[in-house]
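Everything on this sheet refers to the single structure shown next.
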Amino acid sequence: NAGVTQTPKFQVLKTGQSMTLQCAQDMNHEYMSWYRQDPGMGLRLIHYSVGAGITDQGEVPNGYNVSRSTTEDFPLRLLSAAPSQTSVYFCASSYNRGFNSPLHFGNGTRLTVT
Amino acid sequence: GQQLNQSPQSMFIQEGEDVSMNCTSSSIFNTWLWYKQDPGEGPVLLIALYKAGELTSNGRLTAQFGITRKDSFLNISASIPSDVGIYFCAGQQISNFGNEKLTFGTGTRLTIIP
């Protein structure tokens, strides 16, 4: 059972480039989300999805797009990378968005924008 | 947005010592969660607390949900080398739209001095 799988593990982009961070889960979880982790800031929610075809914005959505065409996959797109998007990105999933449904995290993607 | 004040930011202890860390907020939470993050990996859930006053243990870890619902603490007894990592608290509350909202603390970095 792989859990939550994120690719790539590391990525370096130049300002203005675009890329997609991949996230897949094999636990049949309805809820999936993307967080960014910056020093001294904790984890901040970027976008989330409560099921296939449904997405919504989190705390820091600007500069990022998401889609959820299947239950398993939840890619995060950076359309025009900026240095402020240098961060570690975590994908997380849970059975649903309820209180008794803890998040399972992937191992992260470390992104550097120069 | 919401703020969770987690302290201490870092701890340097010797193997075998007990550890205590806490999270406080000006807001009330319905659930408190404690996660641990090992280097290069995503956070992993340690303990979930669902009721004010609840005291829950998981091996050498003990966590409590504060009576005021605005704080929580985590204790680790008889620390061992594999306890090294970053510990995050997270609070859940129901948003205006009836869904849960999860806020993370800024983390406590635990280092064991040989």
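Residue numbers begin at 1 in each chain, while the letters A, B, ... track the order of the sequences. None of the values given here were measured: they were computed from a predicted structure.
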Hey, which of A:His104, A:Gln37, A:Lys9 has the most heavy atom pairs under 4.5 Å with chain B? A:Gln37
Out of A:Val88, A:Asp38, A:Asn107, return the one with the most heavy atom pairs under 4.5 angstrom to chain B. A:Asn107
Is the number of heavy atoms from other residues, nucleotides or ligands under 6.0 Å of [X] [atom1] greater than 12?
X: A:Arg77; atom1: CZ; result: yes
X: A:Arg110; atom1: CZ; result: no
X: B:Glu17; atom1: CD; result: yes

Closest non-hydrogen atoms of A:Phe90 and B:Gln37, given as atom of the first, atom of the second and distance, are CZ-NE2, 3.1 Å
I want to check something: taking the side chain as every heavy atom from C-beta on, are [X] and [Y] in contact at a cut-off of under 4.5 Å?
X: A:Leu103; Y: B:Leu45; value: no
X: B:Leu102; Y: A:Tyr48; value: no
X: A:Pro102; Y: B:Leu33; value: no

So, the part of B:Gln6 with a heavy atom under 4.5 Å from chain A: the answer is neither
Do the side chains of [X] and [Y] join up, straight or via other hydrophobic residues, at under 4.5 Å, putting them in one cluster?
X: B:Phe88; Y: B:Phe73; answer: no
X: B:Tyr87; Y: B:Ile47; answer: yes
X: B:Leu61; Y: B:Trp32; answer: yes
X: A:Val4; Y: A:Met32; answer: no

With a 4.5 angstrom heavy-atom cut-off, is it the side chain or the backbone of A:Leu43 that approaches chain B, or both, or neither? both
Would you compute the distance between atom CZ of B:Phe104 and atom OH of A:Tyr35 and round it to the nearest 0.5 angstrom? 5.0 Å
